[in-house]
Visitor: 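My questions all concern the structure below.
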Amino acid sequence: MTKIECILRPGRLEEVKDALGKFGIHGMTVSQVLGCGLQKGRTEVYRGREYSINLLPKVKVEIVVRDDQVNEIVKVISEAARTGEIGDGKIFTYRIDNAIRIRTGEQGDDAI
Amino acid sequence: MTKIECILRPGRLEEVKDALGKFGIHGMTVSQVLGCGLQKGRTEVYRGREYSINLLPKVKVEIVVRDDQVNEIVKVISEAARTGEIGDGKIFTYRIDNAIRIRTGEQGDDAI
Amino acid sequence: MTKIECILRPGRLEEVKDALGKFGIHGMTVSQVLGCGLQKGRTEVYRGREYSINLLPKVKVEIVVRDDQVNEIVKVISEAARTGEIGDGKIFTYRIDNAIRIRTGEQGDDAI
Amino acid sequence: MIWRSERLKRLLYLVPLMVLAMPACALADEPSIDTGDTTFILLSAALVWIMTPGLALFYGGMVRRKNVLSTIMHSFIIICLVSVQWVLIGYTLAFGPDHGHLVGDLSWLGLKDVGQTPNADYAATIPHLVFMVFQLMFAIITAALITGSFAERMRFPAFLAFSLLWTTIVYDPLAHWVWGVDGWLRNLGALDFAGGTVVHISSGVSGLVAALVLGRRRGYGSEPLLPHNLPMTVLGAALLWFGWFGFNAGSALAANGLAASAFVVTNTAAAAAALAWVIVEWMHHGKPTVLGAASGCVAGLVAITPAAGFVTPLPAVLIGLVAGAVCYLAVAVLKPRLGYDDALDVFGVHGVGGTWGALATGLFATTAVNPAGADGLFYGNAGQLWIQLVGVAASWALAAVGTYVILRVVSLFCKLRAPADEEEQGLDISQHGEDGYADMVLGAPAGNGTVGLSGV
Amino acid sequence: MIWRSERLKRLLYLVPLMVLAMPACALADEPSIDTGDTTFILLSAALVWIMTPGLALFYGGMVRRKNVLSTIMHSFIIICLVSVQWVLIGYTLAFGPDHGHLVGDLSWLGLKDVGQTPNADYAATIPHLVFMVFQLMFAIITAALITGSFAERMRFPAFLAFSLLWTTIVYDPLAHWVWGVDGWLRNLGALDFAGGTVVHISSGVSGLVAALVLGRRRGYGSEPLLPHNLPMTVLGAALLWFGWFGFNAGSALAANGLAASAFVVTNTAAAAAALAWVIVEWMHHGKPTVLGAASGCVAGLVAITPAAGFVTPLPAVLIGLVAGAVCYLAVAVLKPRLGYDDALDVFGVHGVGGTWGALATGLFATTAVNPAGADGLFYGNAGQLWIQLVGVAASWALAAVGTYVILRVVSLFCKLRAPADEEEQGLDISQHGEDGYADMVLGAPAGNGTVGLSGV
Amino acid sequence: MIWRSERLKRLLYLVPLMVLAMPACALADEPSIDTGDTTFILLSAALVWIMTPGLALFYGGMVRRKNVLSTIMHSFIIICLVSVQWVLIGYTLAFGPDHGHLVGDLSWLGLKDVGQTPNADYAATIPHLVFMVFQLMFAIITAALITGSFAERMRFPAFLAFSLLWTTIVYDPLAHWVWGVDGWLRNLGALDFAGGTVVHISSGVSGLVAALVLGRRRGYGSEPLLPHNLPMTVLGAALLWFGWFGFNAGSALAANGLAASAFVVTNTAAAAAALAWVIVEWMHHGKPTVLGAASGCVAGLVAITPAAGFVTPLPAVLIGLVAGAVCYLAVAVLKPRLGYDDALDVFGVHGVGGTWGALATGLFATTAVNPAGADGLFYGNAGQLWIQLVGVAASWALAAVGTYVILRVVSLFCKLRAPADEEEQGLDISQHGEDGYADMVLGAPAGNGTVGLSGV
Ligand SMILES: Nc1ncnc2c1ncn2[C@@H]1O[C@H](COP(=O)(O)OP(=O)(O)O)[C@@H](O)[C@H]1O
Ligand SMILES: Nc1ncnc2c1ncn2[C@@H]1O[C@H](COP(=O)(O)OP(=O)(O)O)[C@@H](O)[C@H]1O
Ligand SMILES: Nc1ncnc2c1ncn2[C@@H]1O[C@H](COP(=O)(O)OP(=O)(O)O)[C@@H](O)[C@H]1O
């Protein structure tokens, strides 16, 4: 099994979820993160003092899938998440050793 | 070393921590996540408009352990986290290359 | 590529970011987590009842880098994050299979 | 509230003046309304009104995040429910012409005959409607106070039924006993300036009974059930204290020296109680807490309520100090020892504090402050303490029995308690289908098709 | 507001008294100020003032987290902007000596001649400045109400220009029509006690037009645009209700029986409307919501506003119940069907509720409550309903045309709407460079070097 | 506050009337209480009271999440501490019979002789207790204002000792100088209507000294120390503004034309200052900020405070505009240049704004507004500006020296500043053992065994 970990713009989450849903993928885990990279930060001003904010809000989506699905799913996500502007985010993939469904104790591909 | 990553119901975190504690495991990192899977979402209504909410609150627990402890710990966690209802969550395991304790610079199994 | 995952004290994030910046690393993903380990928790009192709080606020920083940079970066981070007191946190490293830049579709080392 | 005759006396003094000025006799009717007093009581009513939203925040901050809305909703809906009930039937039950010293009759149903002119039996210088609406605010806050005891677990429909029945069957008669013309406790001479028995003992004891009948929250004693937003709780406490000025000073029913005195002792006792709670907690647990300060001031406000129109400032300091310490002990020592789960300590603060205040009135009351009142034990009148005890006992009894019976009856028609999974999920979502703080994109609008034509 | 002569009458009664007491004739000037009335209206003005911060929270809680500050800023800046505009020119346009029954002339520019003595045309027992500042608060809240319709997408400079023009060109004349001496709607006999037409219809209809001109928010209909903080919204609703006591009861301009009556029906209608909204939603969607209760009470407050000084409590229950149900339908059924994006339902609540209230006044008004008013249809005077209709139609027309023209003119000089990426990022950061809730270390101070000497 | 004799004059006019009506002579005592004035000052006291919780939120929103409770606690505990201190000893020190023009003597210890009848020296138409409690609210807010300067780093016990000493040794005498009968600044003719020197200069300058003595927060200048909750700050600013109506208008001590005038200029100056701050910031940094609007209105309120009873509305606009601009510059340019860490800008807003307001009073005061006041420079009386300068200098001196000495003395007994690790962890946890927003299951109840019997 492989974990696909994506860092996305918050505004694209809905699209990515839709696209994955159409592809038949429903299981995923989502969290709020802050990202820093090429994308320019912003300036905030509080009582006349400027602060440069370089950690920007992003959304992390983690999906564990069968190894043979990885390429397609990465494509689906990329397309749904792309705006073409700097800051669209990254997808990281890595193999995992096992998955267990707590409810049933099923393991491996059956568990996801 | 292996990382055990568990997605749990928020309400079971205390039980899981207790069970791990009894097993002698105290180190862990916890975060709030939202999960989507087989578990049915819910409907929220705001000013008469319905929204179907399919991302549900979950808790992610990450524990890095010696490879030889993995099976037992997975069992301990599974039992403490299980309610038998859909939505109990998953456990993912994967090998990691190294662990460093920042305070001392210790590496590998000594660091965890 | 390798993912370097660090659990830090919240108060050291700025230093770590600075140090990485000087080293030429700007891309990273940050999230808020709670950690439990050797560090003593604290007691909170609400209406005369004591609660022992053992999950303490930490910051998780994830950085994906070329394999040949790992050792140096781990050193940079360790030094910037160290206070010498219990609770300084950990660094975990593990190899990942691929990285994709969503905006361009670039893969591998080019994507990070 | 004390039905003082000073105003009447003043009017008497005016009589000769008016006789001299015969053509002014047309005045006889209208001038009985004093614009200063009317302003005072109308705005005091507004202040008491804001106490209930204040309570919503005070309680809302103390529950877990997943129950914040349901907790707030309790207070908010009670404002609405009791506002309508009072106009229709509550006011006449509580203050209508007496029926057997126990309850008002139905003469003023739907506010019939409650109009823009004063009712001298209750307040001679303000429109009757002003007195009515001021009293309404007391009825609201009393019912709302109880909700803290069953927070985080009661089903919404059961809550609705309980609250409506409670205000009608427990509050309205009790208000009549103590404040209604010819109510038996009033006739007995029990002193309760602004509602120590009627408001605080009744809600506190009812809360205890409700907590026992509903049982403990899941996880009580094993999980930490922590306040999710203490700044919200402090804001709530501040609105309570602010509104309490109207509650206690307004109970003089005129803008006079007595109102001033009540205002001063209210503030003093609240402050002293907050200090006491914080200090006792500091000694007991090593830290002075913010929740302690907020809780302590409420305890002091509760305790001074029955005494506000009868005591001088120095005894008020004492009443406050004792209230802070005693309520702290009730909440922090007594409750865990007995093991009942009065979630937000309605009994510990209002039941215990109200009882202390009612008895303290019997100790410290002096006619130097209020000639229409009575002297207490320390001013040589031991009998008053006995009368106060009777008042306390009667309030405890009515509240306890009434609440128990109402809950049992409601439970015949409608389950009282949310099932385990709904409690686990939180009442906000399970009872109201809402999330207090939705700060992330979590889903999608249902039935996408509905957004239609639109234009421009 | 109704310019009642009771006070004058009372003064007349006093004349003989004063004649008897000749040396007291020096009194003739000053005693016309009644301290009770002055207190009442000054503090009512403070209450109406707090409504706008209340609105800021009510609205602020309903938008997404990334727009909370920009939404709050709208109301806050309007307080400042209109406060200055009113003193300089607004008051004289609205209440200055009549010019063609349409607008005040410029005699009172910069508050010239508006002083510490009463202006008997408007209120004989309070300083003219008190009347002026009480009216200011109405001008503020009206302009602020509109901002809910274009929340989450309007550029800040365009908002500033629009608000300043709107209050000057739409609000000031409309206030003159209805409340100014010799305003044409006032002369016609249209009843609007506290601003059903002037405040609520005008803001509601203007909101609808603004929503149509600006277009829908990105994601409207496909993404969930959920309230990010409902406790904040409830707190806002509570402050609105609290302030509304000053709004409606204060509109009696004296602390008398009429003020009491207005106070009572205000509370009653708000409560009934909240219950109605919650119940209808419960039947319609299966859950009684907190947002529904908060919205419902506002709908009831809106509807009772024009009627507050003319109706008795039981009709107030009815007015509230209908308001709750009808506004719910407007918001939950009508709006999605028509597809316009009035973000926070200014039209659904204030436009629809205000219209219902203005008509209901024509149905339920009775001179038994207010001899200076008129009877409505149900008291045998069908003509009043017709007059009310004229008032409603005139307000709709002025608001709709005025808003459309102003927005078009502003758009010539300044883009109305934030570009897509700024809307995506949120207006807090794009318009104001601030983050509502910065709860993590996110960056660094720019220009580190600036922290200099310091010492000790 | 100005001790006006109008009321007395009015009473004089009444004398003949009363003589005509001999039997009414029994009236001679009581009628001196005016119900309208009493209502006005009692409710103004309540409004000023709510300013301090408002300040708690204003400040609480501006600190980091980990210090929100400790910041709120400062204001809250000061309410309690000063309420008790004032009743016991503070009031007599400030307003008791004069002792050497410097301080009151101890005649009124524990409120001895401060009763329900008026004290004509201070306010002839309201109970003495009302005057006392109104003044208490000023003492509270002044001590609370200072806490913004040492937020996020002072130890709680040191804060307690400092605050108690400061209010007793600095505030009480200063209030006596300016407002006490026979205080030397009052005798000199210094104009300070509602506390520009007594409240704002004293707290602002004390804040500066405290910031210097305590030193900068860790990370100041290198980490972003951002406000964690700006909606909370705006709500706080709104409560401050709301309460300030009572602060300034109430300082007329009667519900009359002067109160109306003070109310109007207060609102006007606040609005103008908020606009000025926002505009200057917009030009300086490119964005109009919400925090700027909230800060600006406070700056305007501060500046108009001493002038509120002496100036007309147009100068109030000017006073506000200058206040907004000057305080912005103090905070955004002066402070970083000098490098002191006055965390929440007590000096920049209250010290600078208060000084400007005191001087502006010497420029714009006119006896047309208040015959009991004086004319300022622009009305031909240059001398007044000089007197104002003396008042300013004296307040600066007393505040600076007093604060420095008190802090040094306290530091002998008790460390002033939290150790580095406690500051890092946040004062909420280190000082109070509480978490402002506990939104996740984080631990377990200590001592599980304690939950005992329970039942039903
Ligand atoms: N080396 C990295 N390791 C981990 N996360 C990264 C890395 N580089 C970028 N990211 C994440 O990806 C997000 C987008 O990256 P950025 O460089 O801004 O734009 P783009 O993806 O268009 O190149 C960042 O905000 C950060 O969350
Ligand atoms: N393929 C997946 N990848 C990552 N996380 C998943 C995946 N499937 C499920 N999850 C996580 O596990 C949680 C529980 O899964 P769900 O299918 O609802 O119930 P169950 O675990 O009982 O099968 C989800 O809420 C989600 O957080
Ligand atoms: N086995 C583990 N697996 C995952 N995270 C861990 C583990 N042990 C510790 N951590 C994380 O590291 C943090 C610091 O660890 P701790 O033992 O308290 O101090 P130190 O790093 O100085 O040994 C913890 O708060 C937790 O977030």
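Letters go in sequence order (proteins before strands), and every chain restarts at 1.
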Visitor: Look at E/A46, E/A45, E/G110, E/S83 and state which one has the largest set of heavy-atom pairs under 4.5 Å with chain F.
Guide: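 The option with the most such pairs is E/A46.
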Visitor: What option among F/S261, F/S44, F/A274 has the most heavy-atom pairs under 4.5 Å with chain E?
Guide: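 Among F/S261, F/S44, F/A274, the one with the most close pairs to chain E is F/S261.
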Visitor: Please find the pair of heavy atoms, one from F/W282 and one from E/P157, that lie closest to each other, and give the distance.
Guide: CZ2-CG, 4.0 Å
Visitor: Under 4.5 Å from any heavy atom of chain E, what part of F/P231 do you find: side chain, backbone, both or neither?
Guide: both
Visitor: How close do E/V87 and F/P313 get, counting heavy atoms only, and between which atoms?
Guide: CG1-CB, 4.1 Å
Visitor: Which class fits the ring pair F/F242 and E/F242: parallel under 30°, tilted 30 to 60°, perpendicular over 60°?
Guide: perpendicular
Visitor: For chain F, which candidate among E/G436, E/P53, E/G433 shows the most heavy-atom pairs at distances under 4.5 Å?
Guide: E/G436
Visitor: Please flag which part of E/I78 lies under 4.5 Å from any non-hydrogen atom of chain F: side chain, backbone, both or neither.
Guide: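 It is neither, since no heavy atom gets under 4.5 Å.
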Visitor: Tell me, side chain or backbone of E/S430 under 4.5 Å from chain F's heavy atoms, or both, or neither?
Guide: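 Just its backbone gets close to chain F.
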Visitor: Please classify the contact of F/V369 with chain E as side chain, backbone, both or neither, using a heavy-atom distance under 4.5 Å.
Guide: both
Visitor: Can you confirm whether F/P227 sits close enough to E/Y437 that some side-chain heavy atom of one is under 4.5 Å from a side-chain heavy atom of the other?
Guide: no
Visitor: Rounded at 0.5 Å granularity, tell me how far CG in F/L275 sits from SG in E/C80.
Guide: 5.0 Å
Visitor: Quick one: of E/H432, E/M232, E/Q431, who has the most non-hydrogen atom pairs under 4.5 Å with chain F?
Guide: E/H432
Visitor: Would you compute the distance between atom CG of E/D428 and atom OG1 of F/T289 and round it to the nearest 0.5 angstrom?
Guide: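 Reported value, rounded in 0.5 Å steps: 11.5 Å.
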Visitor: What part of F/A316 gets closer than 4.5 Å to chain E, counting heavy atoms only: side chain, backbone, both or neither?
Guide: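 Answer is neither: F/A316 stays 4.5 Å or more from chain E.
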Visitor: Output the distance between atom CE (E/M73) and atom CG (F/L291), rounded to the nearest 0.5 Å.
Guide: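 Spacing of CE (E/M73) from CG (F/L291) equals 10.0 Å.
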Visitor: What part of E/L43 gets within 4.5 angstrom of chain F, counting heavy atoms only: side chain, backbone, both, or neither?
Guide: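 Interface part for E/L43: side chain.
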Visitor: Is there side-chain contact between E/T35 and F/F40, with heavy atoms separated by less than 4.5 Å?
Guide: no
Visitor: Please state whether the side chain, the backbone, both or neither of E/V130 comes within less than 4.5 Å of a heavy atom of chain F.
Guide: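 Backbone plus side chain of E/V130, per the 4.5 Å heavy-atom cut-off to chain F.
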Visitor: With only heavy atoms counted, which part of F/R65 is less than 4.5 Å from chain E, the side chain, the backbone, both or neither?
Guide: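 When you check distances to chain E, only side chain atoms of F/R65 fall under 4.5 Å.
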Visitor: To the nearest 0.5 Å, tell me how far E/D435 CG sits from F/H228 NE2.
Guide: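 One finds 12.0 Å between CG of E/D435 and NE2 of F/H228.
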Visitor: Between E/E434 and F/V290, what is the shortest heavy-atom contact and its length?
Guide: OE1-N, 2.6 Å
Visitor: Tell me, side chain or backbone of E/I41 under 4.5 Å from chain F's heavy atoms, or both, or neither?
Guide: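 Contact with chain F involves no heavy atom of E/I41 at all.
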Visitor: Looking at F/A293, F/A368, F/G320, which makes the most heavy-atom pairs under 4.5 Å with chain E?
Guide: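 Ranked by heavy-atom pairs under 4.5 Å with chain E, first place is F/A293.
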Visitor: Side chain, backbone, both or neither: which part of F/L235 has an atom under 4.5 Å from a heavy atom of chain E?
Guide: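 Side chain only.
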Visitor: Looking only at non-hydrogen atoms, find the nearest pair between F/A238 and E/I50 and report the distance.
Guide: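 That closest heavy-atom pairing would be O-CD1, 4.2 Å.
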Visitor: Before you tell me yes or no, could you show the steps for E/W49 and F/F263 under ring-ring contact (aromatic ring centres under 6.0 Å, His included), namely the whole-Å CA-CA distance, both residues' side-chain angles and the distance that decides it to 0.1 Å?
Guide: CA-CA 12 Å; E/W49 186 90; F/F263 190 108; 9.6 Å; no
Visitor: Quick one: pull up CG in F/N267 and CD1 in E/I79 and give me the separation to the nearest 0.5 Å.
Guide: 8.5 Å
Visitor: Could you tell me which portion of E/L129 (side chain, backbone, both or neither) has an atom closer than 4.5 angstrom to a non-hydrogen atom of chain F?
Guide: both
Visitor: How long is the span from the CG atom in F/L230 to the CG atom in E/L69, to the nearest 0.5 Å?
Guide: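 F/L230 CG to E/L69 CG: 5.5 Å, rounded to 0.5 Å.
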Visitor: Out of F/L225, F/T39, F/V264, F/T233, which one racks up the most heavy-atom pairs below 4.5 Å with chain E?
Guide: F/V264
Visitor: If I measure from the heavy atoms of chain E, does F/L214 come under 4.5 Å with its side chain, its backbone, both, or neither?
Guide: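 Contact with chain E: none, neither part.
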